[in-house]
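For reference, the structure is listed below as structure tokens.
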2 protein chains.
Amino acid sequence: MITPISLFNASCTECGLKKLCFPLGLDKAEVLRLDAIVKRKSPLQKGEALFRTGQAFQAVYAVRAGGFKVSTVSASGEDQIAGFYLPGDILGADALSSGLHVSTAVAIDTTTVCEVPFHDLERLASQVPSLNHQLLSLMSKELTDERMHAELLSRKSAEERLALFVLWLSRRQERRGFSARAFRLGLLHRDVALYLGLTPETVSRILARLAEERVFSWRNKQVDIMDMSALEVLAGEAQNDNDDCQRSQCG
Amino acid sequence: MITPISLFNASCTECGLKKLCFPLGLDKAEVLRLDAIVKRKSPLQKGEALFRTGQAFQAVYAVRAGGFKVSTVSASGEDQIAGFYLPGDILGADALSSGLHVSTAVAIDTTTVCEVPFHDLERLASQVPSLNHQLLSLMSKELTDERMHAELLSRKSAEERLALFVLWLSRRQERRGFSARAFRLGLLHRDVALYLGLTPETVSRILARLAEERVFSWRNKQVDIMDMSALEVLAGEAQNDNDDCQRSQCG
DNA sequence: AGCACATCTTGATCTGTATCAACTCCACAG
DNA sequence: CTGTGGAGTTGATACAGATCAAGATGTGCT
């Protein structure tokens, strides 16, 4: 199959996501060395797997466009969704300790990735301290994200979970330079429900209520936030009262 | 204050936990270099904090004896417990991406730790590839553990959660060379409840039932597992049927 | 365009766990 | 030894969200 070169040859130097990805903190010469080990793969179709549980760990991947859902299959069959990975995110590093992937990554859209063979990455990182630091930093970030996820699951009501989920998405969009108030979200309610520890029915009911209350709507893969501060309140993240004041002038 | 040197001078070379900790995969000369940057601190009393939310990130810590509970304080005040760290575990690396600790680590017993200044660790790791690999591997391990925690929180019943929790503890004990069936657990019900996303009342009720059914008991900081296979069944982790068979001779 | 299947919505009911409340047990200080 | 406060237990009740069920809407394929 012949694919237009232009889609895949963009280097890290020119990539719009370099502030979120491995190049962060590297100088130009270092980015060029990184570029040399990165393989741009042809796009995955929606539903295709990037890796599956049990496969040998070979590389980590940076999402360039599209996205993945990462799930683990439990003994009971039904799968749990560990997270969603959007452009700029790195995935696959969770397989590092065991040498085998412990989860499956499925494209939720037509998706392009950069493949970074781990052996090469590790060797380069040992020569480029700032790259190594960034690798550690990205993993540390994933860990704190997963902790936030666990906190959401253990202490939040269904409504808070959905509000928080949309708020997180909104902030990720914003950091990528897109609108925080309106974006596309090509996920099934079922997948979001699994991620949030809820059922699709509950998700549907709460979406109906929040749309009714003009907080936000999610219809036909399109999210529109109508009242950001109400959303923050519902998510339990309002910039309220005097938390800052205790450290500055007030009181 | 003068403390007996003998308590703190044990080197990594002689440490019984080296198979679980940074030295894994290093040769003797490398372990000696690691030893040179590790600081053995004087013990923390029960209830003392190793680090607190908001403190600057300076070092990672290896638990030598005792243990920690690591919790995050949410805006609403009550704290969520992210995990328990036992001898051989590494903690503190979650602060790496932001440069500030995002959680608080409190000793649950008299506890000794090895402090590894991160700046030194990073420099040494850049010279010793196997150390760098082990650092990445430990972080990857933490990430998969946190995913298991999230899975427990989103899909398991209260009984399954407790069974799984005790099973995890049992396996950790075993890997450290202790009995898998009987061990000390100096945690409050309240802390375990928070970790499992339950209330102390529910924990108490289920413990009573499981002791009644002779699966395991937890009284006076002492856990005794009476029926390991029943515990595995309750935890949804029984070595059941033909999962292996599908890959071998059966059928 | 039209069919078929998957996803989403909406409603009725059920249930596991939280919540509230009272009591017991224990550790520790004096 | 006794008083005090925190932790654990046990029971009664409430409710959020699961489950079951049926219909509406969408989406992909021929």
Side-chain angles (χ1 to χ4, degrees), chain A residues 45-48 69 76-81 106-110 152-166 184-213 216-223 234 236, chain B residues 45-47 69 76-81 106 108-110 152-166 184-213 216-223 234 236:
Chain A
Q45 295 308 307
K46 182 175 175 175
E48 268 188 273
K69 63 174 182 189
S76 46
E78 192 50 35
D79 53 5
Q80 160 70 6
I81 294 208
V106 172
I108 56 180
D109 251 328
T110 305
L152 174 149
L153 290 170
S154 77
R155 297 269 143 234
K156 304 285 186 179
S157 72
E159 187 176 78
E160 287 172 315
R161 290 183 201 190
L162 258 166
L164 210 38
F165 177 67
V166 170
R184 199 184 117 78
L185 182 61
L187 294 171
L188 300 178
H189 284 192
R190 197 174 80 71
D191 289 334
V192 173
L194 280 172
Y195 179 68
L196 298 177
L198 301 170
T199 57
E201 292 96 323
T202 299
V203 169
S204 179
R205 277 183 246 273
I206 288 172
L207 284 178
R209 186 162 78 237
L210 294 181
E212 169 78 19
E213 292 169 1
F216 71 90
S217 72
W218 175 22
R219 293 193 69 76
N220 299 324
K221 303 179 176 178
Q222 181 65 30
V223 175
L234 287 178
Chain B
Q45 294 308 308
K46 181 176 177 174
K69 63 173 181 190
S76 45
E78 191 53 33
D79 53 6
Q80 159 70 8
I81 295 208
V106 172
I108 56 180
D109 252 328
T110 305
L152 174 149
L153 290 169
S154 77
R155 296 271 144 232
K156 304 285 186 180
S157 71
E159 187 176 79
E160 287 172 314
R161 291 183 201 190
L162 258 165
L164 210 39
F165 177 68
V166 169
R184 199 183 116 79
L185 181 61
L187 294 171
L188 300 178
H189 285 192
R190 192 175 143 283
D191 289 333
V192 173
L194 280 172
Y195 179 67
L196 298 177
L198 301 170
T199 57
E201 292 95 322
T202 299
V203 169
S204 178
R205 277 183 247 272
I206 288 170
L207 285 178
R209 186 162 76 238
L210 294 181
E212 169 80 19
E213 294 169 1
F216 72 88
S217 71
W218 175 23
R219 292 193 69 78
N220 298 323
K221 303 179 175 178
Q222 181 65 29
V223 174
L234 287 178

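Within every chain, numbering begins at 1; the chains are lettered A, B, ... in the order of the sequence lines, protein sequences first and strands thereafter.
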Is the shortest side-chain N/O distance from B/T199 to OP1 or OP2 of C/dT17 below 4.0 Å? no
For the base of C/dG16, is there a side-chain donor-acceptor partner from B/R205 under 3.5 Å away? no
Could you state the atom-to-atom distance from NZ of A/K221 to C1' of C/dA6 in whole Å? 12 Å
Considering just the side-chain nitrogens and oxygens of A/T202, establish if one lies under 4.0 Å of OP1 or OP2 belonging to D/dG17. no
Using atom CD of B/E201 as one end and atom P of C/dC20 as the other, report the distance to the nearest whole Å. 10 Å
Gap between atoms CD1 and C1', on B/I206 and C/dT17 respectively (whole Å): 9 Å
Verify side-chain contact (heavy atoms from CB on, under 4.5 Å) between B/K221 and B/L187, making sure each step is shown before the conclusion. CA-CA 7 Å; B/K221 303 179 175 178; B/L187 294 171; over 6 Å; no
pair A/L164-A/L234: side-chain heavy atoms closer than 4.5 Å: no
Is a salt bridge present between A/R209 and A/E159, judged by a nitrogen-to-oxygen distance below 4.0 Å? yes
If you assign A/R161 and A/N220 each to the DNA chain D nucleotide with the nearest heavy atom, which residue ends up on the more 5' nucleotide? A/R161
For B/R155 and D/dG17, give me the distance from atom CZ to atom P, rounded to whole Å. 14 Å
Would you mind telling me which residue lines up with the more 5' stretch of DNA chain D, A/S157 or B/A208, judged by nearest nucleotide? B/A208
Separation of atom CD in B/E159 from atom P in C/dA18, rounded to whole Å: 14 Å
Separation of D/dA7 C1' from B/L187 CG (nearest whole Å): 14 Å
Could you tell me whether B/R219 contacts a base, only the sugar-phosphate backbone, or nothing, with contacts defined as non-hydrogen atoms closer than 4.0 Å? sugar-phosphate
Does a side-chain N or O of B/S204 approach OP1 or OP2 of D/dG8 to a distance below 4.0 Å, or not? no
Spacing of B/T202 atom OG1 and B/L196 atom CG [to the nearest 0.5 Å]: 10.5 Å
Whole-Å distance, A/K46 NZ to D/dC29 P, equals 11 Å
Send over the distance from B/K156 NZ to C/dT17 P, rounded to a whole Å. 13 Å
Salt bridge A/D191-A/K69, side-chain N to carboxylate O under 4.0 Å: yes
